[in-house]
Amino acid sequence: MKRIRLGVNIDHVATVRNARGESYPSPLRAAILAEKNGADSVTIHLREDRRHINELDLKKIIKKLKVPLNLEIAATKEMLKIASRSKPPFICIVPEKRKEITTEGGLNLKYNKNFLRILIKKLKKNKSRISLFIEPSIKDIKEAKKLDADCVEIHTGKLCNLINKKKVYKNEFKKIQKAVFEGNKLGLEVHAGHGLTFTSAKILTKIKGIQEFNIGHFLIGESIFEGLPLIIKKFKKILKS
Ligand code: PXP
């Protein structure tokens with residue numbers, strides 16, 4: 001059986017850091033730790049409003065990371081400039097709305113077509129692997145191929161929500177399955193991401209042909225609970241001495 005690669009999204013380490021305006025927790029330290037523990041790639045989303053990761057994080061991480069850095073960016077001139085300068089090995093183009101809490105849906109490929117085509121062409125000149133974050137739609141898969149993307153990342157948010165709420169998810173699962181099949185058929189690498197937990201990731205592994213999962217919020221959240229016992233013990237030791 002082919003192993004699915006894991007991309008670890010560390011944006012929310014920066015969210016915690018920024019909540020206090022401190023220098024810790026360090027996204028660079030998280031990136032290196034993810035790499036040491038088997039992450040196949042590390043993802044950061046440089047948002048227009050810099051609400052989590054900033055350009056200094058990008059510079060530091062890209063310099064030190066040995067596994068590929070996957071930079072998520074919106075299709076804007078500013079991001080094109082930054083990505084052209086930093087030349088990350090992987091780039092995922094995502095939609096971005098300033099007021100959203102998280103990436104709410106896939107790209108509107110029809111609306112953005114001309115700029116996306118230019119963006120993809122320019123970024124590919126730096127040998128970056130280009131992925132488009134899309135809804136599980138056959139139309140969008142075909143459009144992504146026409147735009148000359150290397151990969152598509154399928155937005156799994158809807159499926160994950162249904163699973164979390166213990167609702168029937170069969171239709172959404174089938175939609176993703178068909179999209180994956182179509183993507184593979186067209187020679188695209190197919191990834192999945194958004195909202196994934198242990199349960200939804202396990203369910204999605206039943207769809208053959210997904211090469212990479214990108215997971216952030218749940219993974220970082222769960223790490224708190226796994227790490228908390230050790231950190232409390234460390235402080236107890238300090239207070240005893
Ligand atoms: N993939 C893409 C393209 C995303 O935009 C995000 C969220 O920023 C993720 C994966 C990770 O989603 P989550 O943080 O819910 O695991």
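Note: hydrogens, waters and symmetry copies are ignored here, and every other heavy atom, side chains too, is used. Remember, it's 1-based here, ligands and their atoms both numbered in the order they're listed.
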Between [X] and [Y], is there a side-chain N and carboxylate O pair less than 4.0 Å apart?
{"X": "D11", "Y": "R47", "value": "no"}
{"X": "E143", "Y": "K113", "value": "yes"}
{"X": "R51", "Y": "D49", "value": "yes"}

For [X], atoms of ligand 1 separated by under 4.0 Å from a heavy atom:
{"X": "N214", "result": "10 (C), 11 (C)"}
{"X": "G195", "result": "12 (O), 13 (P), 15 (O), 16 (O)"}
{"X": "V94", "result": "3 (C)"}
{"X": "I215", "result": "16 (O)"}
{"X": "E153", "result": "1 (N), 2 (C), 3 (C), 10 (C)"}

I need the minimum non-hydrogen distance between S86 and L58, along with the two atoms involved. OG-CD2, 3.8 Å
Taken to the nearest 0.5 Å, the spacing of L69 CG from F90 CZ works out to 9.5 Å
So is H12 polar-close to ligand 1, meaning N/O to N/O under 3.5 Å? no
Please report whether ligand 1 has a polar contact with H217, defined as an N or O pair separated by less than 3.5 Å (distance criterion only). yes
Suppose we measure from atom 7 (C) of ligand 1 to each protein heavy atom; which comes out shortest, and what is that distance? H194 CD2, 3.7 Å
Which protein heavy atom lies closest to atom 16 (O) of ligand 1, and at what distance to 0.1 Å? G216 N, 2.7 Å
If you measure from each heavy atom of F133 to ligand 1, is any distance below 4.0 Å? yes
At under 4.0 Å between heavy atoms, is it the side chain or the backbone of E72 that contacts ligand 1, or both, or neither? side chain
Is it true that the side chains of N70 and T43 contain a donor and an acceptor less than 3.5 Å apart? yes
Determine whether more than 12 heavy atoms belonging to other residues, nucleotides or ligands lie under 6.0 Å from atom CZ of R29. no
